[in-house]
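I have placed the structure first, in the form of structure tokens, so that the comments after it can refer back to it.
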Protein chains: 2
Amino acid sequence: MSTKKPKSSSLEKLLNQISGRWTMYILWILDNNGSLRFGELGREVAGISTKVLTERLRKLEAMGVVYRDYKATIPPEVTYGLTERGQELSRTLDPLCELASRWYDSP
Amino acid sequence: MSTKKPKSSSLEKLLNQISGRWTMYILWILDNNGSLRFGELGREVAGISTKVLTERLRKLEAMGVVYRDYKATIPPEVTYGLTERGQELSRTLDPLCELASRWYDSP
DNA sequence: TAACTTACTTACTTTATAGTAGCTACTTTA
DNA sequence: TAAAGTAGCTACTATAAAGTAAGTAAGTTA
């Protein structure tokens, strides 16, 4: 049947890329706060280590959903934000977020 | 500002529950195929081991998004499917899936 | 002069996750 | 009589991921 399994391998691929711990949450934070410096972002994503935050940002950058703006001042100033792709992606999280508050925030 | 960070802790909670490998993909499969027996499901989620499949299903059951229907025939027949909650949840994956094919399926 | 700042990187340890294989039950089929 | 089938569970091993802590640059501030 041609309506079944509509190219789900691409979904699998996308899910594999974003399904790790913190990843989607970082996107969400960037979407809600706009671009943030590394340190600010780290404080928003409470509990993450700088190592993992860096890893995630590199990965998201490689996916083209996050951009990195580096200014070689001293101390350096590095800003992260969503690309257009990133905004598209984080918009798909909106229904998930709505569901989360319905399920888990007290009525 | 009250419009910022709209109770994102519930999103964090939900993401933590569903963000492991295979989890969302299983939901997707159940949504697209309807209820399936354990073995069928395992074959659809290509590459997963029975151990992990069982783990995921138990977790999804505990979340109330998947039901388990056990018939003690010989051999036993166990069927899994989405609850109403599960359908709600997997529907939120639709935009993600749409994005995935736009990004990763060749134009 | 010592301490502080930012945005990392590196090495190391710990923990979590996943995979493998074997075992169970009982009946049906070859 | 032996094998096949289902839906697991269990113990064990392997691998991946995450956390910790220390170090780096070079200028500014106390």
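Sequence lines set the chain letters: A, B, ... in the order given, protein chains first and strands last, and positions in each chain run from 1. These figures come from a predicted structure and were not determined experimentally.
Here salt bridge (charged side-chain N to carboxylate O under 4.0 Å, His left out) pairs that include residues 86-97 of chain A, with residues two or more places apart or in two chains, are A:Glu88-B:Arg102.
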Acceptor/donor pairs from residues 47-56 of chain B side chains to any protein atom, 3.5 angstrom cut, sequence neighbours excluded:
{"from": "B:Ser49", "atom 1": "OG", "to": "B:Val52", "atom 2": "N", "distance (Å)": "3.4"}
{"from": "B:Thr54", "atom 1": "OG1", "to": "B:Thr50", "atom 2": "O", "distance (Å)": "2.8"}
{"from": "B:Arg56", "atom 1": "NE", "to": "B:Arg21", "atom 2": "O", "distance (Å)": "2.8"}
{"from": "B:Arg56", "atom 1": "NE", "to": "B:Thr23", "atom 2": "OG1", "distance (Å)": "3.2"}
{"from": "B:Arg56", "atom 1": "NH2", "to": "B:Arg21", "atom 2": "O", "distance (Å)": "3.1"}

Which pairs of donor and acceptor atoms, one on a side chain in residues 75-82 of chain B, lie under 3.5 Å apart (sequence neighbours left out)?
{"from": "B:Tyr80", "atom 1": "OH", "to": "B:Arg58", "atom 2": "NH1", "distance (Å)": "3.3"}
{"from": "B:Tyr80", "atom 1": "OH", "to": "B:Arg68", "atom 2": "NE", "distance (Å)": "3.1"}

I need a per-nucleotide contact map over nucleotides 3-20 of chain C, read 5' to 3'. Cutoff is protein heavy atoms under 4.0 Å; write B for the base, S for backbone only, - otherwise.
--BBSBB-B------BBB
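Bracketed by its first and final contacts, the part of DNA chain D lying under 4.0 Å from non-hydrogen atoms of chain B reaches from D:dT6 to D:dA11 in 5' to 3' order.
Taken to the nearest 0.5 Å, the CG atom of A:Leu41 stands 5.5 Å off from the CG atom of A:Leu57.
For A:Ser90, the side chain to side chain donor-acceptor pair (under 3.5 Å) partners at least two apart in sequence or on another chain are A:Asp31.
Of the N and O atoms on the side chains of A:Gln17 and B:Tyr104, at least one donor lies less than 3.5 Å from an acceptor on the other residue.
The minimum heavy-atom distance linking B:Leu14 with A:Ala100 is given by the pair CD2-CB, 3.8 Å.
The base-pairing partner of C:dA30, taking Watson-Crick or G-U wobble contacts with both distances under 3.5 Å, is D:dT1.
Remark: the backbone N or O of A:Val65 is paired with a side-chain donor or acceptor of A:Thr83 at under 3.5 angstrom.
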